[in-house]
Amino acid sequence: MPENILVTGGAGFIGSHLCEALLAQGHKVLCLDNFCDFYDPQIKMTNISECRKQPNFSLIECDITDLDELSKAFSYYKIDLVVHLAAMAGVRPSIQNPELYEKVNVAGTLNLLQLCKIHGIGRFIFASSSSVYGNNAKLPFSESDNVDNPISPYAATKKAGELLCHTYHYLDKMSIICLRFFTVYGPRQRPDLAICKFASLLESGEALPVFGDGTSSRDYTYIGDIIQGVMRSIQYVQDHLCYEIINLGNDRGIGLLDMILNLEQVFHKEARLDFRVPQDGDLPHTLADISIARRLLGYQPRTSFAQGMQSFAEWWKCRLS
Ligand code: NAD
């Protein structure tokens with residue numbers, strides 16, 4: 001396994017769990033993050049508070065769109081492999097601010113790939129998203145499905161990132177895996193995502209906004225299972241010269257109303273629902289075909305939705321203590 005791993009967006013939801021898993025396996029972790037205010041930067045500091053106590057952990061406060069600062073970090077630190085998670089995430093806000101999404105998710109990704117080329121770093125994992133599938137009529141979503149019809153700027157930037165990755169694989173023989181994550185949930189989930197938002201509303205007794213008639217569904221994937229997939233991808237790019245696009249999902253759809261029912265159960269509260277018209281950019285359904293992840297990585301999601309929601313609720317209840 002590579003020794004020195006740069007995790008961009010390492011203070012975020014997925015990044016902080018990955019940093020912990022890498023440290024536990026004895027890697028040196030370089031966590032790069034700009035602590036942007038998409039949500040409270042203090043939450044991100046708290047996410048990595050345990051990591052910061054460990055000698056193998058370094059924090060680099062840097063913006064991936066600032067090529068000068070990023071170049072200094074690449075010159076200063078020894079880096080064997082990059083896991084690129086830093087991004088402006090979220091479908092709906094990307095419709096309000098597409099320029100920022102393009103700048104961070106496309107130009108920022110290009111900066112990282114170019115610096116990897118300059119510094120001879122040949123292994124790269126890119127966080128893509130199930131949102132690239134757009135209004136795909138066919139379920140489950142397979143990596144071979146056409147993804148030329150994104151329905152949000154966010155999705156378009158993730159597809160662009162995958163294309164840039166392919167270019168660097170082709171021209172510079174970099175080993176790259178683009179992981180299409182499917183709605184990740186669990187402790188430290190981003191506050192803008194539905195489960196977190198609903199937990200907050202449930203706690204304060206407010207009604208939960210349900211966009212559409214409640215029949216939409218998501219392939220919710222537990223954070224621990226996602227980390228298993230990322231760790232296996234790190235091993236895979238180490239052992240193979242490759243360019244792969246791989247779905248990381250759970251391969252079962254959970255309806256929106258079932259998700260709310262689960263929340264009610266773990267919080268022991270009854271929800272009031274406020275039905276509204278569907279929002280632009282939202283996919284009606286997501287469901288991952290994970291046969292490639294199983295075959296290439298030996299990936300196997302293990303956490304039932306009920307277990308995952310229980311862990312989420314436990315974290316939620318003690319997160320401010
Ligand atoms: P997150 O917002 O919690 O983490 C992203 C981190 O990137 C944050 O800590 C943020 O401060 C940092 N960041 C943002 N802009 C930056 C910049 N210009 N320079 C440096 N750092 C910057 O989000 P997350 O949910 O952990 O998502 C991680 C990755 O996975 C993202 O690329 C996201 O698009 C992708 N993804 C997430 C999900 C999900 O369900 N959470 C689903 C699909 C894809």
Side-chain angles (χ1 to χ4, degrees), residues 6-20 30-48 51 59-67 69-70 73 82-91 93-94 97 99-112 115 125-133 141 152-162 165 178-197 218-223 225-227 229-230 233 245-250 283 286 288 308 312:
L6 175 72
V7 181
T8 73
F13 164 41
I14 299 173
S16 61
H17 284 279
L18 179 64
C19 289
E20 283 173 1
L30 310 167
C31 166
L32 187 148
D33 207 295
N34 73 341
F35 295 88
C36 70
D37 63 1
F38 179 62
Y39 60 89
D40 184 356
Q42 191 51 49
I43 296 177
K44 302 172 189 181
M45 274 299 174
T46 307
N47 287 346
I48 54 166
C51 291
L59 175 61
I60 310 165
E61 285 200 46
C62 179
D63 191 315
I64 58 167
T65 66
D66 183 340
L67 187 54
E69 284 303 309
L70 199 58
V82 174
V83 183
H84 175 33
L85 303 173
M88 288 304 297
V91 167
S94 77
N97 198 352
E99 295 87 358
L100 179 63
Y101 276 70
E102 187 279 332
K103 186 177 170 198
V104 176
N105 297 1
V106 184
T109 299
L110 182 59
N111 285 344
L112 285 160
L115 284 169
I125 312 279
F126 172 63
S128 186
S129 165
S130 58
S131 61
V132 300
Y133 289 105
F141 297 165
S152 69
Y154 170 69
T157 64
K158 286 294 177 182
K159 162 85 178 176
E162 291 181 355
C165 284
C178 301
L179 293 171
R180 292 179 177 164
F181 297 146
F182 282 66
T183 321
V184 191
Y185 76 104
R188 300 186 201 147
Q189 194 193 35
R190 277 197 347 253
D192 61 298
L193 291 172
I195 293 178
C196 252
K197 270 191 183 159
R218 291 285 172 274
D219 191 351
Y220 292 103
T221 313
Y222 187 65
I223 182 67
D225 292 322
I226 288 288
I227 296 303
V230 178
S233 302
I245 293 176
I246 303 180
N247 288 340
L248 279 191
N250 195 104
L283 274 48
T286 67
F312 169 79

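Model, not experiment: these values are computed from the prediction. Remember, it's 1-based here, ligands and their atoms both numbered in the order they're listed.
Using a non-hydrogen distance threshold of 4.0 Å, Phe38 does not register as a contact of ligand 1. Under the 4.0 angstrom criterion for non-hydrogen atoms, Thr8 is not in contact with ligand 1. A heavy-atom separation below 4.0 Å is found between Cys36 and ligand 1. The shortest separation from a heavy atom of Tyr154 to ligand 1 is under 4.0 Å, placing the residue in contact. Heavy-atom distances between Phe182 and ligand 1 stay at or above 4.0 Å for every pair.
Residue Lys158 touches ligand 1 through its side chain alone, judged by heavy-atom distances below 4.0 Å. When heavy-atom distances to ligand 1 are checked against a 4.0 Å cut-off, Ser128 comes that close only through its backbone atoms N, CA, C and O. Here Phe35 has backbone heavy atoms under 4.0 Å from ligand 1, and that is the only part of it that gets that close.
Geometrically, ligand 1 and Met88 share no nitrogen or oxygen pair separated by less than 3.5 Å. At a 3.5 angstrom cut-off on N or O pairs, Ala89 does not count as close to ligand 1. Some N or O of Tyr39 is nearer than 3.5 Å to an N or O of ligand 1, by distance alone. The N/O atoms of Ala11, backbone and side chain alike, include none that comes under 3.5 Å of an N/O atom in ligand 1. In terms of N/O distances under 3.5 Å, ligand 1 is not approached by Ser130. Ligand 1 has no nitrogen or oxygen under 3.5 angstrom from a nitrogen or oxygen of Val104. The shortest N or O to N or O distance between Ala86 and ligand 1 is not under 3.5 Å.
Between Pro93 and Phe38, the shortest heavy-atom contact is CG-CE1, 3.8 Å. Heavy atoms only, all atoms of each residue included: Leu59 and Met45 are closest at CD2-CE, 4.2 Å. Contact between Cys31 and Ala11 at its shortest, heavy atoms only, is SG-N, 3.7 Å. Taking every heavy atom of both residues into account, Tyr154 and Ala89 meet most closely at CE1-CA, 3.7 Å. Contact between Ile60 and Ala73 at its shortest, heavy atoms only, is CG2-CB, 4.1 Å.
Which of Cys62, Gly186, Ser94 comes nearest to atom 20 (C) of ligand 1 through a heavy atom is settled by distance: it is Cys62. Of the candidates Ile60, Asn34, Leu18, Asn34 brings a heavy atom nearest to atom 13 (N) of ligand 1.
One finds the CZ atom of Phe182 at 9.0 Å from the CG atom of Leu283 (value rounded to the nearest 0.5 Å).
Using modelled atom types and a 3.5 Å distance limit, the side chains of Asn250 and Tyr185 yield no donor-acceptor pair.
Residues passing the salt bridge (Lys or Arg N to Asp or Glu O under 4.0 Å) test with Asp192 are Arg190, sequence neighbours excluded.
Proximity of a side-chain donor or acceptor of Asn105 to a complementary backbone N or O of Lys158 within less than 3.5 Å is not detected. Between the side chain of Lys44 and the backbone N or O of Cys36, at least one donor-acceptor pair lies under 3.5 Å. Checked by atom type and distance alone, the side chain of Thr221 pairs as donor or acceptor with a backbone atom of Asp219 at under 3.5 Å.
Atoms of ligand 1 found under 4.0 Å from any heavy atom of Gly12, numbered from 1 in the order shown, are 3 (O), 4 (O), 9 (O).
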